[in-house]
Amino acid sequence: MKRVAVVGAGWSGLACALELAHRGQAVALFDAAPQAGGRARAVGIRLGDREFMLDNGQHLLIGAYTETLRAMAAVGVHIDRALLRLPFEIRYPDGFLLRAPRLPAPLHLAAGLLSAAGLSWTGRRHALASVMRWRRQHWRLTDDVPASTLFAGAPDDIVRRVWRPLCLAALNVEPSDASGQILLNVLRDSLAGGAHSADLLIPRLDLTRAFVAAALERLLASGAELRLRSAVQGLARSDGRWRIDSRGGALAVDSVVLALPPDRAAQLLVTGQRHELATTVEALQSIAMAPIATVYLRYPPTVRLPWPACALLDDAAGGRHGQWVFDRGQLDEENAGVLSVVISAAQSALSAGTKPLEAQIAAQLRTDLGLPAPLASTTVAERRATIVPVPGLKRPPTRLALPSLYLAGDAAAGDYPSTIEGSVRAGVAAARALHADTRVG
Ligand SMILES: Cc1cc2nc3c(=O)[nH]c(=O)nc-3n(C[C@H](O)[C@H](O)[C@H](O)COP(=O)(O)OP(=O)(O)OC[C@H]3O[C@@H](n4cnc5c(N)ncnc54)[C@H](O)[C@@H]3O)c2cc1C
């Protein structure tokens, strides 16, 4: 049986390894870290006198994450136990509410805009006209432009309360830095997809329990080899096979899938010293990363928000950095009193240090939601959380320029931003390409 090495056990590598194992391939899965899950996994977070199992950053999924939901279900995860499903809504504590009822697109958005609370009529009309125009253009731009260009001329309230927050949540950069096309791809699949595509899916369980642990269990049961704490340091081609050098020694395999962040994939490809890969390495090295900060705050267990989650109006210059707040206690009783506040594109929020940031977030929650002072708080700052989706972003293709070498992860070409779904899709695409090539070869 042919042997495949999947390098990187984040959601992309796991999805790829599962797909390969399902198709009968012998898989060896490597990860440098002591645990799988990469950028979407559980971590122990100390808040005062207790440690909570939370995530390395608050994540939000949407109904359009079809491959992710399929992969979760395939390893036996009970989706409704793992994720809280809510109809699409953007709600602010001051009473603003845009909620799309579960009607076929674009009726759900039209109904949502008509019934929105706190939105100007010019804002509603402009939003609906924009969506209808993008739909007529089949969600395609002839030339990619910054996402901010898509909202040119839109009333301030719709930009500030709807388009910019959606861009930050999905692409993790300001609209002026974001690819308009990648944002339209997400809006196409969510706002114009099936009746449930725009649903918000908030993890109830931590992300390791929601997928990673079940994926590993399924892989081990199917005979896959799992090598954690095994950073792959070298990759060389000889005699028609690949040699993988890791801390655990050398391993010869027939095919390799790199499911790594772009900089790590580039580092590894350079070790092979193959001129055929120069363009790929250059493309990977040109990809920049953007940070996300999650501030976790612990209140007495009786403190509850009126909703499981809501948006917050941010204003970095005024020290209001929080963009979304989630009530972890409404998702899992174990975490009663714990709130998570998300800050996308978090460069400026993190510049003054995490303690001042936590104090600012606590003040923002006091002002907006009338909360008392928290008992404890801590920040998870992921400085390399997602790739920056610049307009015209060039990501290398799944099949690289040498035989039996494939790229997955958010570094690989695809029409999604750097998200769980983008990574899972890239992992599945690499597995399918490899399987097809193996059958032909
Ligand atoms: C704080 C935060 C919040 C986010 N919020 C959202 C969200 O709300 N919704 C959403 O969809 N997405 C979100 N994302 C993005 C999402 O988590 C990532 O896009 C996704 O997890 C990336 O998965 P991946 O498998 O491609 O890469 P990774 O998770 O980075 O996996 C790569 C793996 O490779 C390993 N590795 C690195 N070098 C080597 C080596 N040399 N040898 C072996 N192994 C190696 C790493 O240890 C890692 O486990 C967020 C990310 C962060 C950090």
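Numbering of ligands and ligand atoms starts at 1, following listing order. Because the structure is predicted, anything quoted here is derived from the model rather than measured.
Proximity of I292 to Q58: side-chain heavy atoms (C-beta onward) are nowhere separated by under 4.5 Å. Under the 4.5 Å side-chain criterion, counting only non-hydrogen atoms from C-beta, V390 is not in contact with V173.
Figure legend: cation-pi geometry between R298 and F52 absent, as NZ or CZ is not positioned both under 6.0 Å from the six-membered ring centre and within 45° of its axis.
Every N/O-N/O distance between T386 and ligand 1 stays at or above 3.5 Å. Considering both main-chain and side-chain atoms, L60 comes within under 3.5 Å of ligand 1 through a nitrogen or oxygen pair. Distances between N or O atoms of E421 and those of ligand 1 include no value under 3.5 Å. For a threshold of 3.5 Å applied to N or O pairs, the pair formed by E382 and ligand 1 contains no separation below that value.
Classification of the W324-F326 ring pair by plane angle, with boundaries at 30° and 60°, yields tilted. Between W134 and W163, the angle of the ring planes goes over 60°, which puts this pair in the perpendicular group of the 30/60° scheme. Between Y65 and Y416, the two ring planes are perpendicular [angle over 60°; tilted spans 30° to 60°].
Residues that satisfy the side-chain hydrogen bond (donor to acceptor under 3.5 Å, both in side chains) test with E358, not counting sequence neighbours, are K355, S377, T379.
For atom 29 (O) of ligand 1, the nearest protein heavy atom (residue, atom name, distance) is R39 N, 2.8 Å. Looking at atom 39 (C) of ligand 1, its nearest protein heavy atom turns out to be L260 CD2, 3.5 Å. At the top of the distance list for atom 12 (N) of ligand 1, counting protein heavy atoms only, stands I420 N, 3.4 Å. Atom 48 (C) of ligand 1 has its closest protein heavy atom at D31 OD2, 3.4 Å. Looking only at protein heavy atoms, the nearest one to atom 31 (O) of ligand 1 is G10 CA, 3.5 Å. Shortest contact from atom 18 (C) of ligand 1 to any protein heavy atom: T419 C, 4.2 Å. With respect to atom 40 (C) of ligand 1, the closest heavy atom belonging to the protein is V232 N, 3.6 Å. Atom 43 (C) of ligand 1 has as its closest protein heavy atom A32 N, 3.4 Å.
Looking at every heavy atom in both residues, L54 comes nearest to D206 through O-CB, 4.2 Å.
For ligand 1, the atoms lying closer than 4.0 Å to a non-hydrogen atom of G8 are 33 (C), 34 (O). Residue contact check: A385 has heavy atoms under 4.0 Å from atoms 51 (C), 52 (C), 53 (C) of ligand 1. Less than 4.0 angstrom separates some heavy atom of Y65 from each of these atoms of ligand 1: 9 (N), 10 (C), 11 (O). Listed by atom number, the atoms of ligand 1 under 4.0 Å from G409 heavy atoms are 26 (O). Which parts of ligand 1 touch S418 is read off a 4.0 Å heavy-atom cut-off, strictly below it: atoms 15 (C), 19 (O). Of all atoms in ligand 1, listed by their number and element, those nearer than 4.0 Å to a heavy atom of A40 are 17 (O), 21 (O). When each atom of ligand 1 is checked for a heavy atom of G57 under 4.0 Å away, the hits are 1 (C). Each of the atoms 42 (N), 43 (C) of ligand 1 lies under 4.0 Å from some heavy atom of V7.
Between the OG1 atom in T386 and the CD1 atom in I420 there is a gap of 12.5 Å [rounded to 0.5 Å]. Within the model, atoms CD1 of I387 and CD1 of I182 stand 7.0 Å from one another, a figure rounded to the nearest 0.5 Å. We find the NE2-CZ distance between H78 and R204 to be 10.5 Å, quoted to the nearest 0.5 Å.
In this structure, of A259, A169, A15, A36, the residue bringing a heavy atom nearest to atom 32 (C) of ligand 1 is A259. In the candidate list H59, R264, R41, H59 is nearest to atom 17 (O) of ligand 1, counting heavy atoms. Counting heavy atoms only, S423 comes closest to atom 20 (C) of ligand 1 of the residues S423, S344, G427.
By the criterion of a heavy-atom distance under 4.0 Å, neither the backbone nor the side chain of L14 is placed next to ligand 1.
Within a 6.0 Å sphere centred on CD of E282, heavy atoms belonging to other residues, nucleotides or ligands number 12 at most. More than 12 non-hydrogen atoms from other residues, nucleotides or ligands lie less than 6.0 angstrom from CZ of R241.
Taking 4.0 Å as the cut-off, L61 does not count as a neighbour of ligand 1 on heavy-atom distance. At a 4.0 Å cut-off, at least one heavy atom of D410 sits close enough to ligand 1 to count as contact.
Using modelled atom types and a 3.5 Å distance limit, the side chains of Q267 and D263 yield no donor-acceptor pair.
Using a cutoff of 4.0 Å between basic side-chain nitrogens and carboxylate oxygens, D415 and R140 are not scored as salt-bridged.
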